[in-house]
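Structure, as structure tokens:
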Amino acid sequence: MIVVMSRRADEDKINAVLERLKKAGFQIHLSRGVERTIIGAIGDKTRMGDLALEAMPGVENVVPILQPYKLASRAFKEQDTVVKVGDLEIGGKQIHVMAGPCAVESREQLLESAEMVKAAGATLLRGGAFKPRTSPYSFQGLEEKGLQYLAEAREKTGLKIVTEVMDAGTLPLVAEYADILQIGTRNMQNFFLLREVAKVDKPVLLKRGASATIEEWLMAAEYIMAGGNYNVILCERGIRTYETFTRNTLDLSAVPVVKHLSHLPVIVDPSHAIGKWRFVPPMAVAAVAAGADGLLIEVHPNPSEALCDGPQSLTPENFQSLMKDVRAVAEAIGRRL
Ligand code: PEP
Ligand code: MN
């Protein structure tokens with residue numbers, strides 16, 4: 001349930017409500033808006049009536065949250081969440097582009113990619129050091145060496161780093177280097193891992209599971225938030241359908257739907273959704289038009305030589321051209337790149 005405090009409620013009144021809820025065993029999450037404070041309380045619904053919260057001074061309203069996800073819901077927090085990554089704000093007016101190769105392959109490949117995506121206007125560098133490959137015989141990533149190259153690229157360019165964490169065992173290592181922890185599509189419902197990233201003080205980029213409904217995706221976000229980490233960025237990356245021409249099917253309607261249901265920022269990854277570089281730019285533009293707060297785009301200095309996901313990776317020239325089109329659309333809808 002959420003307890004909406006009146007605009008005039010002072011700290012003492014808020015604390016009295018918090019105390020009563022805590023005593024009754026509710027888990028508390030505070031949302032302090034500009035206008036008013038909202039208390040999210042999660043626990044045994046049947047006890048709600050006994051608490052007589054409506055009768056307490058300073059309480060304006062007590063409303064149950066009907067969705068199974070609570071902290072991630074719009075009902076809990078009306079204003080859009082803006083996730084801060086250093087001085088970057090994801091979910092604000094600016095569209096952020098996270099770009100780079102699928103995998104960190106070598107120091108040269110990564111530094112070249114970083115310089116190139118930065119020059120084109122990206123604000124974050126992506127690149128996997130631990131890769132979840134379908135085949136155990138495919139390149140699995142450079143692991144810690146890859147993380148070190150990412151850190152060096154950040155040092156050189158000022159770009160923030162987003163990289164995937166695959167398990168709880170390597171989480172401390174990845175968290176040491178990453179600015180944003182990426183949870184990949186295959187791990188979206190790895191609830192144990194979600195509980196672990198919830199304890200880390202780093203934003204989490206939560207990719208939608210390839211077969212996940214929007215509700216399941218928001219429940220995964222709920223795991224991270226319930227564990228105390230509110231800095232969750234959702235990423236639509238395509239879902240599995242009967243269509244085989246594209247790698248997945250980009251569910252663009254998820255963008256306005258999730259923005260309606262949740263206050264969390266949403267970004268779109270057309271690269272993994274489509275799997276063919278040619279179709280990435282138009283869908284990147286469409287994603288921004290649909291209200292996405294950012295994009296995740298795979299770019300490689302030489303896609304034909306890439307060790308991972310070459311067919312969906314853009315050349316530097318194609319990436320520059322995508323950025324030009326994205327900028328135009330962003331400005332047309334009152335945002336900026
Ligand atoms: C990736 O971004 O490198 C990746 C593996 O994506 P996904 O988890 O969406 O397949
Ligand atoms: Mn990839």
Side-chain angles (χ1 to χ4, degrees), residues 1-94 191 194-204 206 214-215 217-234 256-266 291 293:
M1 74 179 127
I2 55 174
V3 183
V4 183
M5 300 302 293
S6 98
R7 222 173 292 216
R8 291 173 304 281
D10 57 21
E11 281 304 305
D12 287 348
K13 293 194 174 98
I14 296 172
N15 285 334
V17 175
L18 294 179
E19 276 314 305
R20 189 170 293 187
L21 284 165
K22 278 185 201 153
K23 251 201 205 135
F26 281 82
Q27 205 195 346
I28 304 297
H29 298 267
L30 262 193
S31 163
R32 288 182 192 273
V34 219
E35 295 265 305
R36 60 181 84 237
T37 294
I38 289 179
I39 302 168
I42 296 175
D44 182 2
K45 271 198 297 233
T46 57
R47 301 208 51 187
M48 226 171 106
D50 308 339
L51 294 177
L53 294 170
E54 280 102 336
M56 290 185 79
V59 173
E60 188 168 291
N61 210 355
V62 180
V63 232
I65 301 181
L66 300 173
Q67 293 95 339
Y69 44 89
K70 312 288 178 194
L71 306 172
S73 75
R74 260 298 166 199
F76 174 62
K77 184 166 178 274
E78 213 177 313
Q79 301 103 325
D80 288 343
T81 285
V82 174
V83 173
K84 291 206 169 67
V85 187
D87 54 351
L88 307 182
E89 294 191 335
I90 300 177
K93 209 175 158 94
Q94 188 177 350
F191 301 119
L194 299 180
R195 283 210 296 257
E196 292 302 310
V197 294
K199 295 182 205 152
V200 180
D201 188 19
K202 289 271 162 95
V204 177
L206 179 65
I214 287 173
E215 188 169 295
W217 186 20
L218 290 172
M219 289 308 288
E222 188 77 10
Y223 259 92
I224 301 169
M225 299 177 84
N229 188 344
Y230 294 175
N231 291 312
V232 179
I233 304 159
L234 298 166
V257 171
V258 168
K259 289 217 152 260
H260 172 72
L261 298 173
S262 175
H263 52 86
L264 294 172
V266 186
D293 297 299

Out of curiosity, [X] [atom1] to [Y] [atom2], how far, rounded to the nearest 0.5 Å?
X	Y	atom1	atom2	result
Leu53	Met1	CG	CE	5.5 Å
Lys77	Arg74	NZ	CZ	8.0 Å
Ser31	Glu78	OG	CD	9.5 Å
Ile28	Leu21	CD1	CG	4.5 Å
Ile224	Asn231	CD1	CG	10.5 Å
Leu261	Tyr69	CG	OH	4.0 Å

Identify the heavy atoms of [X] and [Y] that sit nearest to each other, and give their distance.
X	Y	result
Ile2	Gly40	CG2-CA, 4.2 Å
Ile65	Lys70	O-NZ, 2.8 Å
His29	Ile42	CD2-CD1, 4.3 Å
Gly58	Ala9	O-CB, 3.7 Å
Leu264	Ala221	CD1-CB, 3.9 Å

Practice task
Kindly assign one of parallel, tilted or perpendicular to the pair Phe191 and Tyr223, based on the angle between their ring planes and the thresholds 30° and 60°.
Solution key: parallel
Does the side chain of [Y] come within less than 4.5 Å of [X]'s, by heavy atoms?
X	Y	answer
Arg32	Ile14	yes
Leu51	Val62	no
Ile233	Leu206	no
Leu194	Val204	no

For the side chain of [X] and the backbone of [Y], is there at least one donor-acceptor N/O pair under 3.5 Å apart?
X	Y	result
Asn229	Lys202	yes
Glu222	Ala72	yes
Gln27	Ala226	yes
His263	Leu71	yes
Arg36	Val4	no

Problem - Within 6.0 angstrom of Asp201 CG, more than 12 heavy atoms from elsewhere - result: no
Exercise for the section: For the pair Asp293 and Lys93, evaluate salt bridge (Lys or Arg N to Asp or Glu O under 4.0 Å) and give the outcome as yes or no after the intermediate values. Expected result: CA-CA 8 Å; Asp293 297 299; Lys93 209 175 158 94; over 6 Å; no
Practice task
Take Glu60 and Lys13, measure what salt bridge (Lys or Arg N to Asp or Glu O under 4.0 Å) needs, and give me the verdict at the end.
Solution key: CA-CA 12 Å; Glu60 188 168 291; Lys13 293 194 174 98; over 6 Å; no
Exercise for the section: Apply side chain to side chain contact (heavy atoms under 4.5 Å, CB included) to Met5 and Ile38, showing your working. Expected result: CA-CA 6 Å; Met5 300 302 293; Ile38 289 179; over 6 Å; no
Exercise for the section: Run the numbers on Val82 and Ile90 for side chain to side chain contact (heavy atoms under 4.5 Å, CB included), then give the verdict. Expected result: CA-CA 5 Å; Val82 174; Ile90 300 177; over 6 Å; no
Problem - Thr81 vs Tyr230, side chain to side chain contact (heavy atoms under 4.5 Å, CB included): CA-CA, chis, key distance, verdict - result: CA-CA 9 Å; Thr81 285; Tyr230 294 175; over 6 Å; no
Problem - side chain to side chain contact (heavy atoms under 4.5 Å, CB included) assessment of Leu234 paired with Leu218 - result: CA-CA 9 Å; Leu234 298 166; Leu218 290 172; 3.8 Å; yes
